[in-house]
Amino acid sequence: MELATITAVPFGLALFLASPLARNSLSKPLQTRLSSLVMTALFAWLLSAYPHLARTGAIAQSFDWMPSLGISLSFYLDGLSLLFALIITGIGALIFFYAGYYFDEADEHNRFMIWLSAFAGAMLAVVLSGNVLLMFVAWELTSVTSFALIGFKGATDAEAREGAFKALFVTGAGALALIIGLVMLSVAAGQILYPEEGIRFVADIDLILQAKSLHEHEWFVLFAILIMLGGFTKSAQFPFHFWLPGAMSAPTPASAYLHSATMVKAGIYLFARLSPVMYQNELWTSSLQTIGLVTMLVGSYFAVKQTDLKGLLAYSTVGKLGAITALIGLPDQSGLKAAFVAIIAHAFYKSALFLVAGTIDHATGTRAIEGLGGLRDKLPVMFWVTVISALSMAGLPFLLGFVAKETLLDAMLHYTAPWTQLAMLMVVLSSMFTAMAAFMLIYDVFLKPPRGRRHFHELSPWIGLGPALLALGSLSLGFLVQPLIVPLLEVATPKPFELHLFAGFNEVFLLSLAILFGGLLLFFIRKKLIQLITFPISGDAIYREFITYLEWAGTTVLHTQSGFVRYYLVIILGAVAAVLIASGTLSTLTAGQQLFPSDLSVTITDLAKIFMLFLTVAAGMLTVVVREHVKAAIAYGVIGYAIGVIFLIEHAPDVALVQLLVETMATVLIIIMLGRIRAGVRLRVINSLWTERRNYNLGFLRDLGISVLIGVAVFVFSLIALQNRPLRHSIAEWHLENAATVNTDDVVGAIVADFRGTDTLLEIGVFTTAALGLLTLLARGRQPGSSLAPLVAPVASSSEFDARVVEEIQDATSLSTPFTRSVSFVVLPIAILIGIAQVLYGGNGPGDGFTAGVTIGLAVSLWYVVLGYQEAKALLPWFRPELIIRLGLLIATVNAIFPVFVGQGFMGHIEFDQALGIYDLVGSFGLHVTSSLIFEIAIAITVMGGLGIIIEAIAYPTDRTQETIRSTDPA
Amino acid sequence: MENNHLLLGALVTPLIGAIVALVFARSNRAQRSIGVLAGLIAWVFSTALLVQVHSSGIQTYALGNWRPPYGIVLVADTFGALFAFMVTSIMIGGLVYTFHSRDKCMTYPAFMPLFLLMEVGLIGAMLTGDLFTLFVFMELMVLASVSLTAISDDQYGLEAALKYILISSMGTLFLLLGIAAMYATFGTLNMAEIAQTLLTGERPFLAPASAIMLLCAFLLKSAVFPFHFWQPDFHTTAPTPISAMLSSIVVKVGVYGIIRLVTLLFIEEAPLLERWLSTLGIIGIVFGSLGALRTYNAKRMLAYSTFAQIGFILVGIGWGERLALIGAIVYAFNHAFIKSSLLMLVGVVSSYTTTKTANFADISGIGRKLPSAVGWLVLIGGLSLAGMPPLNGFISKLALIQGGVDRGDWQNLIIMVAAGILTVIYMIRAWQRIFQQNPLPDTAGAKNEGDSLFAPFLLVCVCLLLGTVLAEPLIQLIIETVRQLGDPRVYISAVNLPM
Amino acid sequence: MIESAWAQAAIQLILLALVSLLVPASYRVIVGPTLPDRLGAVDLITTLLIGIIVMLALVESTQTFVDMAIALAAFAFIGTISIARYISEGRVF
Amino acid sequence: MAALVFGLFFCAVGVLGVVRLPDSLTRLHASGKVATLGLFGLLVGAALLMPSAWLRLLALGLFVLLTSPVATHAIAASVYRRREIVEELAVADASTAEADITAIDATGVLSRSRIQDIIEAQERALRYHKSNARPKRDRR
Amino acid sequence: MILALPLAVGWTIYTAQPTPGNFLLGYVFSVSVVIATGHRGDSLRYKSAPRQLTNLVAYTVFLASEVLFSGLKVSRVILTPSLPINPGISLVNTQDSTENQLISAISAHGITITPGELVVDFEETDEAGIKMIVHSLNMDTSAPNLEREQAMRLERIRGILGHD
Amino acid sequence: MIELLFALSIGTLFGIGVFQLLRRDLIKAAIGFAILFSAINLFFVAVGAFEGEFAPYVSNVEAGRQTSDPLIQALILTAIVVSFGSFSLLLGFVNIISRRYDTIDSDDTNRLKH
Ligand code: NA
Ligand code: NA
């Protein structure tokens, strides 16, 4: 008995049907018969386990899957699972067969068969899995596959989409509750079974069932509720029942399978499965009872209100499921027997009725009860199937449904609780409604005189086989209950069993008859009755409200995404300031620390520093108060220079040099960028932000507040950092001591080029990144100026190259004078020489590859500024930044990798002059040819190229006519 | 201590690839081939590295043979190696996607080098043992992604890039402030050495403030509430393969940093940080899920979804228990595969529209005109995102729930799970809108061909494998990772600091 | 090397005097009134900074500082020229 | 030391001149040149006090000599040309000339009321500027 | 090649290593840089290096004295409370018929470096030569002398450049 | 004393930078961006793990002089380069934004929302 194989077979079938082999070469009837046969074989196979089970009670098989998460491929077959598995495969075989004649199109048929097989597999996996987490996996698979089945016609039918979505939403939500519940359950079981051994999860069902004190666990209430939520949603219990009617947009065979025999029973299975360890707790039983009874009454009442044939069946299913749930919830598992009988009976009559409904729908094109009637002659088989099944549903004596109803009434009568009377009343009322629904099915659909001529679609005679067999079951099994069903149920339930077709004219029998007559009575006054009671609220309305509310919440959330980057920054910075204050970090920091200096003496250099700081802050303030951008740029330049001098005073000449050069470069960049932005655009902003806004508004104060907060936070932070440096030593001491080993006087240079060379390598990578990004951005839509510029026109829709906004570019030469021109001619060679000197002698003083690159870049930018793009380009044929940057990066990379092959490690230090024996020779020039020198050269080249790219991209003259052509051409 | 060349190889291959791709800027085909090749080699290196780290412990590489803490050291513990492996794996998907994409921007000579430099930044950030180098790697990644988004075919890419570079600078500032304070406090940049000092119980008073600074920087990189505003714009407008990388692995750099912070450096401050993480995570979950429900664009929906999913991971970290951390890492790992495949799939869908947009108004019903495989893959991906078995999203969910149950934080657990249903709603709705609904009148023109499905197909397959046969090995690996993270002494001793 | 304490003090005083000259020089940056005025004042500040750096080199007795002054002298004017061109006609190119 | 004092003196005079002198061009005389003279004094003084650095100081002096006048000249040119444009604008459109002068002279500060007019006038000026092809100031 | 010589000297000064080796190195670099930046040195003609060098030194000394004395003069003006200035603009011809840019530039440099006058712009006129627009702090004292000084300056410059 | 002033300046510069960053004028915001990074560099140099009286040169070390912290200087160098790269990229963005949106008002640069 390979349970895994049994579970896998339907999935295999689905895969086979999905394979091109089956799709192309297997005809529709063949597919049908094959599937049906497979299900029958599985049925037989499962049935063959029965004798074994009768002897041993259960079969458990297990394979490892994810032991660390507690999921194993465990399978468990006992009477309960067997019962469900038989229903799944047995009814499945008939429905597969029926489906073969339901679809006209081969493609649709194939697709349906695939999903139905997969669904059958998932369902089998639910009832056969021996691990609650594996069961959950299967449970979710039923949700997914049923989603596909309900939404089968989704491509054309909006209702099908909506129904499928609703089903997935409700059962999915329940499943999320369920998974938490199951995880908690398995943790709890682990704690109970192996309190000492540190086993986290016991998710295998056979073990969980041994955890008899589960109901006393501290988490019980929580996980019981969560598990019940999962079950209630799946089994469409009140108030989650509303998804089931919506799911009726599935093709009828699917509805018949899902909603009579299988999916909705998964919840029932779950309750029954866990019942042995849960039933001792009051919460569990009373919840099941209450919800079950309410669902029963509501479902059966709504059923008779339906105008849609499948809707009627759906709600009556809801009602029946409620009854079964209530039965499982009866104290001491006393209702299990009745529940199982009900499950079997319901499976037979309800799937038959669904199939009848599908046939009618297929034949007449409608399912509206109003429009049907007089079908008795046209569909004789269906008529008799309906009569038998509906009467079984109504509980007519000697049919299978009667046995079920009898056992139910019996169980309810023996149930003693404070509110027994009320429960009994609910049972009787709902049974009357069910009987009424049954009469409606027979009369309104088949006997009532037809209204008008209808289209009628001829059907294959084989389509009646499935329904007929099911009706036969309802008819005969009542009589065969003793030999056939009782043994099966005896295996399934923990209680001794007794089941009678007719137990004599006892109170149960009389009650059954009364119900039948009551139902008949109600049937006659149905028109009035239906208008009598209406529910003010329905689950569906709540669901809709809920979705609307969610959507409202979503929209509200999206409003925070306002599109204003300033607000984003305000929120972010405000939050950080709030966190710093709220978390008390600042106050704890300041507590007990020396904040203010005790020593107030200053040296002359300190005074110089103070002046520089003052200059920095003053220029910073100036950038705030000036309106014009160029003034801000000038002020910003002052900040940069002042900080550079501060670096110098702080004995950081290397940094100071870089700072001075970079600030100059940055200022130049700002200026040429400003020159690229139309004056009109800038003036408009200045005007709208300053001139038209005299009064300082709230936003200004808010910004000011946040700036002050951040400023104060940083002030405190840096003050503490400065005042209380705890360790006056660092790894830099090692660098100071060892810089000599790399033949460098400048320790900073040694760190940059050797000790932390990779940082520098990456840093030029960052720089290259910026250059490439800027080049691509600025060069889009131009004639390619370099091999790194895009060769294609930009996206047609972007308007940046519209003639309207392209600035007018003039010949630059009119802007310069012979004096500036001559000086710029002189400065470039000097700058290059300085650059070379900085690279070669950078090891002994400030300056390194980076400064060299910036130096040359600055001089080149001077050429572009003074001479204009065309002339500068013409005069510098060798200056091809896109080649230079590549050369630099290549050298840097090779230089970085080469040491790996001589055992020095990536970015390792190599003394090439030593190795080549030219140490003294180059030494006479005051040089050392080392890998760091080559690296510096590479940096210089890369940075020069990168700056060249940036400057060239910005300086490129935009040609108006070309742009116009390009922007109208939708290429 | 031996230098491990696999470690170097994983990092350096994409760098070399970027340079070589730059050299071959004239030929777009050559660039793409170089990119894929470099990605593959890096993947092989990182896989081998992961195997080696798994079998013989933490591997290091002292760059330039300058011994730590004086030089820069690369460190691959299981955590770093695992994340680097994740990065290289997803990157292959992204690189392969560029191969048959019709986006204009992918023909730009700078595209592939920038893409590979972004990979360098990503891998480097996860393998470096040096605080400042971490900053440089992160900047490399940020600038590369900003550039790539700015040059996107999407005309709003520039706006997104502008916003991101402004907001991201805040993160850079926090990071630099934190690093400077750390250096001033500890006199070193080596994470192991800092951890060693902190382990001795010494608590320099700047430590908690630095921790918060660094935390803020990482939160910003991961786009956690309230640092998230840039994210939907940025992730949506980037070129498809980039947006797939951004939303899957780039956001994980922050996650990586946060986990390092609470497990290696600031173990004592961790409870304080974790309290914040849980709160922000929960807000993120709610915000992201609700936003995804109502936004107007499929890519944007996935971006909001990332916002929410990062929330899940943060709550996992915030629970501060071993099991929960396992859950968080499993979640982070799996999410990368799911989200990248989904974004690429949406990219494929939008590549069939004439305007290359993923606005629902334009792609509703377009699915009927696409190869049916697209619909299947999107459905599978969506279900995986929603945590349906047997896909890897389910594994993540289960692992995280187990962590939550272990921690017993019912309130957050239930909020999380309740928000999980929103994932189902928005994914299924989107799927139905694209693949089932009738086309809207304005969805007139669908093109006959679009981007290749191959890359997302590969990634979806991986999702399936990770949900089934590879799940257990992955979880075992992550359990080992968390065990290693639980004892910072292992990391410290592997770095082999001088006594 | 500056041996005598007196000379050292005098140099420091000169340095201080130079630094304090920054304040009136900043006056024109802030007050203007025209852009070239501000730019000229920035140029003046640059000149003063070069002087300050040279004095600092004297105070600290290091030649390396002079390199900084050279950088400032050789390249700061590029920024000035760019701005000057920009403000003369509102464009650079 | 005397050279240092000399230098300081001229620097101070330069600064004073910048503050005192009445208009942009005259101020440039002080800032660009008197202060540069002061700087030379400082350099000479420094070279005397620190003979080891004389070569570097010489290089510095050469650079100052080279670049200082050109910066001054560029600023002066900007002053001069701004005036010229203003005059041309007056020719181009007498009615807006007043506004244009303010707009050009200190773009943001004085553009009080009719910003749109000014923008238009400026663009008109640029067009005029271009079409009237002034004699080239220099050529190669 | 000649142009490279001053550059090589500059290199030696800048690197502060007055050794022959370094000068040689500087010369090599200078030559390559001069070639790379497209200077063909056509403004500079080789006549007699010693004489040209002497002229250069003489010009420099002249310039220095000019700078110094006119600096003193301007200082006096600035320090005088009444501020006795009479600013104005005048046109000065470079008097160079070759319209050599370098000569204009050096002239402008010479005028601008000395306090008192300042070249604000250039103008090409229809007649031969480039005119300089010169701003003077005090028109009364400088305007009459400008043309004469320019003639002197031009002569010195030609002496340096070797244009005879 | 000087520490206090340093901290004060850094705090003020941060405040100025943040305030500028929050301006609607994108060019002002860009300048704020640059100021913030200058402030960071100032913080770096001020906070160096140790102070010294001399520049960090081997010759100074060998002469037994107390030099300043070289490592922090190397870090600043990198930080300067990185921030310069970002800044130039930002300027490029503003430039193209001004053409694409015909404005440099960040409040009008809000096509991406919700
Ligand atoms: Na150096
Ligand atoms: Na560096």
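What you are looking at is a predicted structure, and each value in this text was computed from that prediction instead of being measured. Here is the naming used below: chain letters follow the sequence lines, and residue numbers restart at 1 for every chain.
For A/F147, the part lying near chain B is the side chain, with the backbone staying farther off; criterion is any non-hydrogen pair under 4.5 Å. Interface remark: A/L774 contributes no atoms to any contact with chain B (heavy atom separation under 4.5 Å). Looking at A/W219, the atoms closer than 4.5 Å to chain B (heavy atoms on both sides) all sit in the side chain, from C-beta outward. In this structure, the portions of B/I167 lying under 4.5 Å from any heavy atom of chain A include both its backbone and its side chain. Residue contact with chain A, scored on non-hydrogen atoms closer than 4.5 Å, involves the backbone and the side chain of B/F227 alike. With a 4.5 angstrom heavy-atom cutoff, A/V894 does not touch chain B via any of its atoms. Only the side chain of B/V12 comes within contact range of chain A, judged by heavy atoms closer than 4.5 Å. Contacts of B/L143 with chain A are made by both backbone and side-chain atoms, with heavy-atom separations under 4.5 Å. Contact annotation for A/T555: both backbone and side-chain heavy atoms come within less than 4.5 Å of a heavy atom of chain B. Using a 4.5 Å cut-off between heavy atoms, A/I897 contacts chain B through its side chain alone, with no backbone atom that close. Within the 4.5 angstrom heavy-atom criterion, only side-chain atoms of A/L222, from C-beta onward, approach chain B. Looking at B/L177, both its backbone and its side chain come within 4.5 Å of chain A, counting heavy atoms on both sides. With a 4.5 angstrom heavy-atom cutoff, B/Q437 touches chain A via backbone and side-chain atoms both. For A/I547, the part lying under 4.5 angstrom from a heavy atom of chain B is the side chain only. B/N28 does not touch chain A: none of its heavy atoms, backbone or side chain, sits under 4.5 Å away. Heavy atoms of A/T560 lying under 4.5 Å from chain B belong to its backbone as well as its side chain. Neither the backbone nor the side chain of B/L148 comes within contact range of chain A, judged by heavy atoms closer than 4.5 Å. Contact annotation for A/I71: only side-chain heavy atoms (C-beta onward) come within less than 4.5 Å of a heavy atom of chain B. Neither the backbone nor the side chain of A/V170 has a heavy atom closer than 4.5 Å to any heavy atom of chain B. Only the side chain of B/P113 has a heavy atom closer than 4.5 Å to any heavy atom of chain A. Both the backbone and the side chain of B/I425 come within contact range of chain A, each with at least one heavy atom under 4.5 Å from a heavy atom of that chain. Both the backbone and the side chain of B/L140 have a heavy atom closer than 4.5 Å to some heavy atom of chain A. For B/L74, no part sits under 4.5 Å from any heavy atom of chain A, backbone or side chain. Interface remark: B/M141 contributes no atoms to any contact with chain A (heavy atom separation under 4.5 Å). Contacts of B/K356 with chain A are absent, with no heavy-atom separation under 4.5 Å from either backbone or side chain. Looking at A/D157, there are no atoms closer than 4.5 Å to chain B (heavy atoms on both sides), in backbone or side chain.
In this structure, B/W66 contributes its side chain and A/R756 its backbone to no donor-acceptor pair below 3.5 Å. Panel note: side chain B/N3, backbone B/A62; a donor-acceptor pair is recorded below 3.5 Å. At least one donor-acceptor pair under 3.5 Å links the side chain of A/Q561 to the backbone N or O of B/F229. A/H735 contributes no side-chain N or O that, together with a main-chain N or O of A/F755, makes up a donor-acceptor pair within less than 3.5 Å. When atom types are taken as modelled, the side chain of B/D153 and the backbone of B/C105 share a donor-acceptor pair closer than 3.5 angstrom. Judged by distance alone, the side chain of B/T295 and the main-chain N or O of B/G291 form no donor-acceptor pair under 3.5 Å.
Counting heavy atoms from C-beta on, the side chains of B/L398 and B/I395 never come closer than 4.5 Å. Counting heavy atoms from C-beta on, the side chains of B/Y296 and A/L558 never come closer than 4.5 Å. Contact annotation: the side chain of A/E763 never approaches that of A/F767 to less than 4.5 Å [non-hydrogen atoms, C-beta and beyond]. With contacts defined as side-chain heavy-atom distances shorter than 4.5 Å, the pair B/I475/A/L69 qualifies. Contact of the B/L379 side chain with the A/V144 side chain is not registered, since no non-hydrogen atoms from C-beta on lie closer than 4.5 Å. Side-chain atoms of A/R886 and B/I19, non-hydrogen and from C-beta on, never get closer than 4.5 Å to each other.
With chain A as the partner, the residue from B/F287, B/F435, B/W410 showing the most heavy-atom pairs under 4.5 Å is B/W410. Chain A forms more heavy-atom pairs under 4.5 Å with one residue of B/T468, B/L383, B/V424, B/L15 than with any other, namely B/T468. With respect to chain A, the highest number of heavy-atom pairs below 4.5 Å among B/L413, B/L323, B/V286, B/V469 belongs to B/L323. Chosen from A/T768, A/T893, A/I180, A/T758, the residue pairing most often with chain B at heavy-atom distances under 4.5 Å is A/I180. Ranked by non-hydrogen atom pairs under 4.5 Å with chain B, the options A/M184, A/R161, A/M66 are led by A/R161. Here B/L189 is the residue among B/L220, B/V20, B/V330, B/L189 with the most heavy-atom pairs under 4.5 Å with chain A. With respect to chain A, the highest number of heavy-atom pairs below 4.5 Å among B/I151, B/T355, B/V142, B/L293 belongs to B/I151. Between chain B and the options A/S718, A/G154, A/G908, the largest number of non-hydrogen pairs under 4.5 Å is found for A/G154. Here B/Q402 is the residue among B/K163, B/Q402, B/R368 with the most heavy-atom pairs under 4.5 Å with chain A. Among A/T156, A/L168, A/D64, the residue with the largest count of heavy-atom pairs under 4.5 Å with chain B is A/L168. Of the listed residues (A/A553, A/A770, A/P899), the one with the most heavy-atom contacts under 4.5 Å to chain B is A/A553. Interface remark: of the candidates A/A892, A/G773, A/G554, A/G554 forms the most heavy-atom pairs closer than 4.5 Å to chain B.
Distance check, rounded to the nearest 0.5 Å: CG of A/L762 to CZ of B/F132 gives 10.5 Å. From A/I885, atom CD1 reaches atom CD1 of A/I949 across 4.0 Å, with rounding to the nearest 0.5 Å.
Summarising the geometry of B/K397 relative to B/G387, their closest heavy-atom pair is NZ-O, 3.0 Å, with the distance given to 0.1 Å.
Aromatic rings of B/F111 and B/Y108 (six-membered ring for Trp) have centroids beyond the 6.0 Å cut-off, not under it.
Neither side chain, A/T556 nor B/R294, offers a donor N or O lying under 3.5 Å from an acceptor on the other. Using modelled atom types and a 3.5 Å distance limit, the side chains of B/Y183 and A/S730 yield a donor-acceptor pair.
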Without placing hydrogens or testing angles, list every side-chain donor-acceptor pair under 3.5 Å for residues 562-573 of chain A, not counting sequence neighbours.
| residue | atom | partner | partner atom | Å |
| --- | --- | --- | --- | --- |
| A/S562 | OG | A/F564 | N | 3.4 |
| A/R566 | NE | F/D107 | OD1 | 3.0 |
| A/R566 | NH1 | F/L22 | O | 3.4 |
| A/R566 | NH2 | F/D107 | OD2 | 3.0 |
| A/Y568 | OH | A/G563 | N | 2.7 |

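For B/D233, the side chain to side chain donor-acceptor pair (under 3.5 Å) partners at least two apart in sequence or on another chain are B/R300.
Ion pairing between a basic and an acidic side chain is recognised when a charged N comes within 4.0 Å of a carboxylate O; B/R67 and B/E193 show no such pairing.
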